[in-house]
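Hydrogens, waters and symmetry mates are skipped; everything else that's a heavy atom, side chains included, is used. Letters A, B, ... are given to chains in the order of the sequence lines, protein chains preceding strands, and every chain is numbered from 1.
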2 protein chains.
Amino acid sequence: MSKQAALPVIDLNADTPCCPPLAVSRIPAETAAVLAPAFKALGDPVRLQLMSMIASADGGEACVCDLTPAFELSGPTISHHLKTLREAGLIDGERRGTWVYYRARPGIMRQLAALLAFDEAAAVQPV
Amino acid sequence: MSKQAALPVIDLNADTPCCPPLAVSRIPAETAAVLAPAFKALGDPVRLQLMSMIASADGGEACVCDLTPAFELSGPTISHHLKTLREAGLIDGERRGTWVYYRARPGIMRQLAALLAFDEAAAVQPV
DNA sequence: CCTCTAGGTTGACAGATATCGAATCAGCGT
DNA sequence: ACGCTGATTCGATATCTGTCAACCTAGAGG
């Protein structure tokens with residue numbers, strides 16, 4: 001990474017309550033355009049596993065050197081998937097010496113989860 | 001791969017507690033292969049809006065005749081997106097007379113939301 | 001029967017994506 | 001300096017995806 005001039009990294013960092021659940025009020029087109037790439041990034045089995053390995057890793061971060069051998073895929077391919085997750089705003093990478101560590105961004109994950117909330121309370125929307 | 005072996009409709013109906021959150025334990029490859037298509041289906045702005053329009057519709061269902069004119073897209077394109085959502089197990093369609101109505105499947109939505117849960121309790125996993 | 005309308009299916013096409021090998025970059029050791 | 005290792009970027013390619021025009025199907029109503 002090193003330089004991120006016009007990276008499409010999503011700004012939804014953490015505190016933004018952002019959006020009511022999908023099932024409560026219709027998502028505006030702009031919101032959909034911003035959040036869809038995050039779901040898209042999770043829409044690949046490899047990336048979903050990568051995301052889980054990173055988010056559930058001890059210490060909250062995972063080294064690429066531990067992620068790559070977990071799949072029967074080449075290094076460049078894993079790197080590509082990590083880049084996709086990064087550009088979707090789901091993870092954040094940091095180089096420490098020889099190795100690169102990734103950690104999940106809790107804010108956007110909570111937003112996606114909130115968007116998918118589907119309880120009885122959500123069904124009875126507050127007018 | 002992805003030559004759609006058997007029925008595309010996902011079996012995760014409602015009651016399956018299924019999986020702990022992404023950030024709690026590493027997702028098995030099989031689970032990722034099953035759930036990734038659902039995220040993938042939500043990874044398009046049009047489908048995300050369609051999903052929201054359907055899930056938040058009055059009575060819990062929406063007519064295609066109301067969905068199509070909400071976008072500047074052709075009928076076949078909307079139909080294609082609805083098929084994608086249906087095959088991902090996110091919605092269910094029913095024809096009543098001339099019109100076709102779609103409604104959201106709460107089970108899989110709750111599963112996806114649970115998978116993305118990311119609270120402090122999840123971060124501090126029980127050893 | 002026939003016609004009309006609402007949706008879905010098919011075929012085709014441009015653009016995106018997943019994957020790899022080769023090349024490149026970034027640190028750490030000698 | 002040099003080489004070694006981990007990670008990313010580049011180039012190429014096969015496949016997938018979003019979109020539309022054209023066509024087909026299901027009901028409703030003559």
Nucleotide [N], atom [atom2] - distance to [atom1] of [X] in whole Å:
X	N	atom1	atom2	answer
Asp66(A)	dT5(D)	CG	P	18 Å
Ile54(A)	dA7(D)	CD1	C1'	14 Å
Ile78(B)	dA21(D)	CD1	P	14 Å
Arg95(A)	dT24(C)	CZ	C1'	12 Å
Leu82(B)	dT17(D)	CG	P	17 Å
Lys83(B)	dT19(D)	NZ	P	16 Å
Arg96(A)	dA7(D)	CZ	C1'	15 Å
Leu67(B)	dG8(C)	CG	C1'	15 Å

Contact summary for [X] and [Y], nearest pair of heavy atoms:
X	Y	result
Leu90(B)	Met51(B)	O-CE, 3.4 Å
Arg103(B)	Gly60(B)	CB-O, 3.2 Å
Ile27(B)	Ala32(B)	CG2-N, 3.5 Å
Leu67(A)	Leu50(A)	CB-CD2, 3.9 Å

(message) One character per nucleotide, please: for nucleotides 13-19 of chain C, 5' to 3', B when the base has a protein heavy atom closer than 4.0 Å, S when only the sugar-phosphate does, - otherwise.
(response) ----SSB

(message) Is there a side-chain contact between Tyr102(A) and Val100(A) in this structure, where contact means two heavy atoms from C-beta onward sitting under 4.5 Å apart?
(response) yes

(message) Using side-chain heavy atoms (C-beta onward) and a distance below 4.5 Å, is Phe71(B) in contact with Gln49(B)?
(response)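 Answer yes - side chains close enough.
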
(message) Assuming nearest nucleotide by heavy-atom distance, tell me which of Thr68(B) and Gly75(A) is located more 5' along DNA chain C.
(response)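 So the residue in question is Thr68(B).
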
(request) Could you list by number each residue of residues 97-104 of chain B showing a heavy-atom separation from DNA chain C of less than 4.0 Å, or answer none if no residue does? (result) Thr98(B), Trp99(B), Val100(B), Tyr102(B)

Any sub-3.5 Å donor-acceptor pair from [X]'s side-chain atoms to [Y]'s backbone N or O?
X	Y	answer
Arg95(A)	Gly97(A)	yes
Arg26(B)	Ser56(A)	no
Ser79(B)	Gly75(B)	no

